[in-house]
Structures are given as C-alpha cells and as structure tokens.
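Source: prediction; values computed, not measured. Quick note on labels: first sequence line is chain A, next is B, and so on, each numbered from 1.
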Amino acid sequence: MKPFLSNHTDSMYNCSQVGCSHPMAHTSYPCGDPYFGSSIVAYGPQAINQQMVPQMLGLASTRIALPVDLAEDGPIYVNAKQYHGILRRRQSRAKLEAQNKLIKSRKPYLHESRHRHALNRVRGSGGRFLSAKQLPQSNAELVTDAYQKKDASEAENHPSSTGENASITFTAISALTSMSSNSVNFPNMAGSSQCSGGLTFGAGALQCTSVGR
Amino acid sequence: MEDSIGGSSSNDNNIIKEQDRLLPIANVGRLMKQILPQNAKISKEAKETMQECVSEFISFVTSEASEKCRKERRKTVNGDDICWALATLGFDDYAEPMRRKSRTKIQEASTNQNDLC
C-alpha cells in the first residue's frame, strides 16, 4: 500500500528555510508556527530545488529539534536529513488515527474455524500437539524425545498444515488463561510459554520453538 | 460464526487490518533468530515490537521515495528510488549494499533470460 502523502509539504520546506537561516540555534520550537499554521505561501518547484542544496551542505552535521507538542518530555533531537520524513510520517499516522483506520488491539487469531480445530487437537506432555502418527500410541516417552530433539521437532511440525501451526501460539495461551474463544482481548502472558507461530497465513512450514519470558 | 471475531466487520469501515499493516510475526521472528546464537530465546513482546519498528521503517523510507516520485511526476517507485531515499535519510551505509544487491539480481534475471533464448 502506498503511504498517504502529506498535504503540508510546502510548510515542510518553510521549516527547512528556518533551519538554514539559523543552523546553530537549537530552539525548542524551530518550526512550531509554520507546522501548525495552514496559511503558508506555496513555493514554486524551482525555489524548492534551490533550497535543497544549502540544506544538504549546511545541515550535514547538525540536529534539529522536533516540535515539543508531540513529545511528552523535552525536545527530541533527530538527524536533520530525516526531519521532514518524520514530520510527514507523523501527519500520515495522525490522519489514519483521525479516520479510525488503525486497529489498536491485536486479535488472538484470524480464523474462527482454525481456532476451533486447534482447540480439539490432542496434546502430549509439554503441551505439544500430537501428530497423526503419534496419536494412537500416545506414548509420553516418544513425545518427550520429539520435544527435546530439534530435528524430531521439525519432522513433527512438517506434516501439519500451515493454518494449524499458525493457531498454536494462541491456543496455548487460551488454554493457559482459560480465555473464552469468543474473546478478542489479548490476554496477559506473564510467565506463560508460547510457540513462535504467530499470525501468519500461508507462510510455509513454521518452526515451533518454545519461547519463555 | 465468523461474526464472533471482533475485527470481522472491519471491512465495512475500511479499517486497515493488522495483517495488512504489519509484517508476519513468524517471518520477523525467523529473521531475528538468524543473527542470534543457537540457544537464544526471543520473547513474543520483542517480536511484536520489532514488527512495529520494521513496518514503520518501511513506511518511512517508502514515503521519502514516493515524495521524490511525486516531484518528478512519476507513478512507479522503483528500486533506485528506494536506494536514493536511504541515502537521503542518512542510511548511507545501507544504500550502497542495497544498490549492489539489486544490480546482482538484475544480472541474474538477465542470465536466466539468456538461458531461455
């Protein structure tokens, strides 16, 4: 997806002009008024190109303070080359948030049917799923060997489908925290162990490694 | 049954879904594991934080390249624009290896084309 472009590009270059005129002055609000004010005269493309050269030369080793309104504690100094990009990205993110287009919380799973299928699978010792071969035997010693050896673990995960592996992480979390299958809230995972599957769709063979906090 | 998922109705509101905004967490974890020693562990929170960081970095660099294309009235952002954006944003150490790598890929494609002919 192409990122949303800023509508105040000219005000960015006005900030650049302020930076050029005072290269050594690190004030707290170098571009406060031009940034938030919309009554900025638009420069022609040729004038903008002329300003780029002194910006590159003059600000090679200096840092410009970002507007403090967006920062909680004090000014944040950034690379001068990245100043306009950061402001542009901030505007894009603010625009998306204004349109309520960003999802704040993460969903534990993507597909309900896959989640339910994973809930019905049989687990061995250590919480790992049993494959089709191990299901009739259900030998604890065999599962322990598969758990310890990395190659055996990879062989165990290979026959499973991608969707099943993708649901492993959150099924373990759901089982540990007794979370309702219809709940969208992300549970507290302090002290719990999970696999590294995650929310992946069609990502091929996934490795299931125990990760502890 | 699909309605029980909280985000299933997001398509009507044109909400950007999580899987469209972020890289897959399994791939991010695998990349992080490549650089770590054999017995290292990566917490889920670390992977999620890295997901946010790398996705924002991609948007940051692409936004710079897209701005250049907008000024030059071009519609397609190509690999050279990304390398230029990396250099412009101060990531000079990354721009040159990326340029060499993309050139190698072009040569590989050209070689495959010659084999077919």
ask   = A:His84 versus B:Glu67: any side-chain heavy-atom pair under 4.5 Å?
value = no
inquiry  = Tell me the closest heavy-atom pair linking A:Asn79 and B:Leu89, and the distance in Å.
reply    = ND2-O, 4.1 Å
key: Atom CG of B:Leu36: over 12 foreign heavy atoms under 6.0 Å   = yes
task = Would you check if there is a donor-acceptor pair between the side chains of A:Arg89 and B:Ser63 at a distance under 3.5 Å?
result = no
task = Evaluate whether atom CE of B:Met32 has more than 12 neighbouring non-hydrogen atoms of other residues, nucleotides or ligands under 6.0 angstrom away.
result = yes
key: B:Phe91 side chain near A:Gln82 side chain, heavy-atom distance below 4.5 Å   = yes
